[in-house]
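Worksheet for the structure shown next.
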Amino acid sequence: MDFRKRSRKSVQVEEKEREFKRRASSGDEEMLKDQREKEELEQRLRERDAARTRKLAEPKAIQRKSNAAEENKDIRALREVSRQKYLKKREEQKLQELRDDIEDEHYLFEGVKRSDVEYRDFMHKKDIYNVLAKKELENGGHEYRIPEAYDDQQAGVNQEKRFSVARQRYNDPNAEKEEAWEEHQIRKATLKFGSKDKRQVCDDYQFVFEDQIDLIKASVMDGVKFDYEKEVALEKSRAKRSALDAIREERKKLPVYAVRDKFLQAVHDHQVLVIVGETGSGKTTQIPQYLHEAGYTKHGKMIACTQPRRVAAMSVAARVSQEMGVKLGHEVGYSIRFEDCTSKKTIVKYMTDGMLLREFLAQPELDSYSVVMVDEAHERTLSTDILFGLLKDVARARPDLKLLISSATLDAEKFINFFDHAQKFEIPGRPYPVEIHFTEKAEANYFDAAIVTTLQIHTTQPPGDILLFLTGQEEIETAEEHLKLRVGALGTKIAELIICPIYANLPTEIQAKIFEPTPKGARKVVLATNIAETSLTIDGIKYVIDPGFCKMKSYNPRTGMESLLVTPISKASAMQRAGRSGRTGPGKCFRLYTSYSFQNDMEDNTTPEIQRTNLANVVLTLISLGIEIEKLFQFEFMDPPPLDALKNAVELLCNLGALNGHVKLTKVGRRMAEFPLDPMLSKMIIASEKYKCSDEIISIAAMLSVGGSIFYSPKNKKVHADNARMNFHTGNVGDHIAHLNVYNSWKESNYSRQWCYENYIQVRSMKRAKDIRDQLVGLLERIEIELTSNSNDLDAIKKSITSGFFPNTAKLQKYGTYQMVKRLQTGHIHPSSGLAEVFPRLVLYHELVLTTKEYLRQVTEIKPEWLLEIAPNFYNPKDVEDLSSKKMPRGSGLAGKSAGAGTS
DNA sequence: GAGCACTGC
């Protein structure tokens, strides 16, 4: 390729672009056309280049498949995409302005009575914002696609989104080439390997695997018979009707409609109702509407419905507002973190469970609600569990409050027993039957078994996509490699197998791939973590392979250490996984364990989160709700957490100064409770007032609370990614300061997406960090801490951090291991840390987690005298004397290096 | 020289 020509062309393009911008800003209508033409031209060129490269990379068999008509369609779609680009950019600007406006006004209006005009204006802006935000989501997509059940109405738009994401890579000629080249290399390698014994494999042993696994059909989960023709007929008649009629009909078709009157009677007669019904019965969307129709919203009171996830709250609210024919945010609204889409008019409010918990702080009796519905209660999130206890109490105090707990079948009895006068209410119906298979004998290696089963399904079963559950990113990557190799070895005699990995840390652009429709004649296999169990739904899955494991975080209250280990799943989890195959038609589930171990070895339910987590935050919330310490230990949990966990939490809060000697909430504690963060982070922020560096500290707090998914290192570019990461660690400043550096550099780049790509940083995580940081700025104001910057004094920043995290310290021992200063526990600095090879003598860590070893994650070097200065009641001079007595050259990490030199 | 499952405020 002639690079000089290319570059000259790009100069021309740039010039044109500049001119365009100039003219566009003066509102030239013609420019639009001009721009369109220009982009189309560019697009065609790119497309041509890409097609050439693709042709090089593709084996003949696949080339044959793509026909001219398909390509034309592609080009048309691509043109459309580029035409939209300009408009999108302007919309994005507008969106940002609106967002700022709305945010300003939010704070402005808080606690102030709004005049009607102001209010209307505000709501109007908000409406526009919501529409734009939704568009942004569809175009760029930094959220998961909304599960299929609630976006029928916009099916067309979503198709657009699917294609636009899929084609994004075509807009970046380099990425396309690189990818194609890689594919080419891989295929070259596999084809060579395959062709050597291709004949043998294809002709003699075609679909016979040495390690064949015998699966036996054990049972069929009951369900209605699937009548294909009836479905098609229904589909056709549905299309004919007008949209509103369709919605009305749709509502009547839901299983819950059949029991509407019976349900309303039951609500009337009982205060607490446990609703049992499978997903898809329509309870989430219909029940609040029925209640509204029956007059439960009359006296200005609202119906609340909690969801465990943000997307669910948003999409359900959108759907219901559509069904009721009102604007989203008016009568029907939702409330999630960073976004309150409700108004004075709102009577049906969908919200995340954590949000309702926050509302308890403001109104402990929930006076503004007449009905509270806790949806998906069987998921037993931390927030729902606390809500149960609180709601049970409120229900006693307020006989007029109706409580609805909705759950899947398995543990309904438990809910009924917990709310003593609860009445059970069942909604019949389950979408499609699922055939369940177990292995005949126990499999020694679930991973290999999973690979073989996948291939077995692919070669022997009728069309339909496969969903395979694995435990983590690494396992998914290896599985992808193995599958590619083995499919390659089988040659062209079998249908194409498209492999789609999905896990939460995967960049959104790649995640979108799983939602692309499977081409005819091919089969898709989705390799997923637990994310596919509840959080997202993939259309077209017919087969589920369940090896029976997942990674689970748990907290050991004895040692106070967290762990993240591969654990067998529960029966409930297994049922949930199986159910993923029966969403759009009858399905099959292959379990890679025996029916015996399902019956005898597996727990009925997954241990609820409240029993396997650090409770510091929970305890602080409960105490700030006014629950006395004695009552705290008698608090009615459905499954009480271990006593030690509660004790540890109280102890930590005392050490942090949130509770005083009488275990009463202090002023510091009250301020800490304002923050939606772990108490140690909250304390760190409050301490930053003293060190005049609150600006830096909230950036660090935001970055830390995003979690560890900031850096992204793809397997094939590990070296580059590692180098990029180490740039932020210059001077061995420690991981906390490194996080600050990342945030600040990103800010300097004007929050650029490109900058993130160049530095192997996840855009999504950074955006989230910014959201959190913005929220923290608002909260600082509320508790009257000034926003001050002190960026040159790293010691001041580190001292603030120490004020929150002083219990988490460790000192260097021989062989590079670390001994916790105040605990009988050793650990290692995590290799991803910037200090992993520096070995400072005394470090402060953000968390200690057991995985393959005990690892300290996010560490920073601190000075021993700080501990005595900041936490004199926690540390004795004895604890750190050996650190300050030894005369060793300090600074620049060299001291540490020599100390740890003998380890490797 | 290892890996952060997944949510939520």
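Numbered from 1 within each chain, the chains take letters A, B, ... in sequence-line order. Predicted, not measured: the structure shown is a model, and the values here were computed from it. Side chains are part of it too, since the values below use all heavy atoms of this structure and drop only hydrogens, waters and symmetry mates.
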Looking only at side-chain atoms of [X], point me to the closest of [options].
X	options	result
A:L564	B:dA5, B:dG8, B:dA2	B:dA5
A:H830	B:dG1, B:dC4, B:dG8	B:dC4
A:M355	B:dC4, B:dG8, B:dC9	B:dC9
A:R358	B:dC4, B:dC9, B:dC6	B:dC9
A:I531	B:dA5, B:dC6, B:dG1	B:dC6
A:R310	B:dC6, B:dA2, B:dG8	B:dG8
A:Y855	B:dC4, B:dT7, B:dA2	B:dA2
A:T352	B:dA5, B:dG8, B:dA2	B:dG8

Under the ring-ring contact (aromatic ring centres under 6.0 Å, His included) test, residues paired with A:Y369 that sit two or more places apart |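 A:Y369 satisfies ring-ring contact (aromatic ring centres under 6.0 Å, His included) with no other residue.
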Using whole Å, what does the distance between atom [atom2] of nucleotide [N] and atom [atom1] of [X] come to?
X	N	atom1	atom2	result
A:R337	B:dT7	CZ	C1'	12 Å
A:R764	B:dC4	CZ	P	17 Å
A:N617	B:dT7	CG	C1'	14 Å
A:E609	B:dC9	CD	P	13 Å
A:I761	B:dC4	CD1	P	19 Å
A:Y760	B:dC4	OH	P	22 Å
A:E474	B:dG1	CD	P	16 Å
A:E379	B:dC6	CD	C1'	10 Å

If you measure only the distance, is there a donor-acceptor pair under 3.5 Å linking the side chains of A:E854 and A:Y818?
->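 Side-chain D/A pair, A:E854 to A:Y818: absent.
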Donor-acceptor side-chain pairing of A:D546 and A:Y593 below 3.5 angstrom =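 Yes, side-chain donor-acceptor contact under 3.5 Å.
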Residues, nucleotides or ligands: over 12 heavy atoms within 6.0 Å of A:E784 CD |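 Counting neighbours around CD of A:E784, 12 or fewer heavy atoms of other residues, nucleotides or ligands fall under 6.0 Å, so no.
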Mind checking [X] for me? I need base, sugar-phosphate or nothing, with any heavy atom below 4.0 Å counting as a touch.
X	answer
A:T381	nothing
A:I336	sugar-phosphate
A:T851	sugar-phosphate

For A:K853 and A:L677, take the nucleotide of DNA chain B holding the closest heavy atom to each; which residue's nucleotide lies nearer the 5' end?
->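 This one resolves to A:K853.
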If you pin A:G472 and A:S832 to their nearest nucleotides in DNA chain B, which one's is more 5'?
->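 Per heavy-atom nearest nucleotide, the more 5' residue is A:S832.
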Residue-phosphate contact under 4.0 Å: A:R309 side-chain N/O, B:dG8 OP1/OP2 =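 No, because none of the side-chain N or O atoms of A:R309 sits under 4.0 Å from OP1 or OP2 of B:dG8.
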Can you check whether A:Y757 reaches A:V763 side chain to side chain, under 4.5 Å on heavy atoms?
->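 In short, these two side chains touch, coming nearer than 4.5 Å.
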Which residues pass the side-chain hydrogen bond (donor to acceptor under 3.5 Å, both in side chains) test with A:Q825, sequence neighbours left out?
->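 None.
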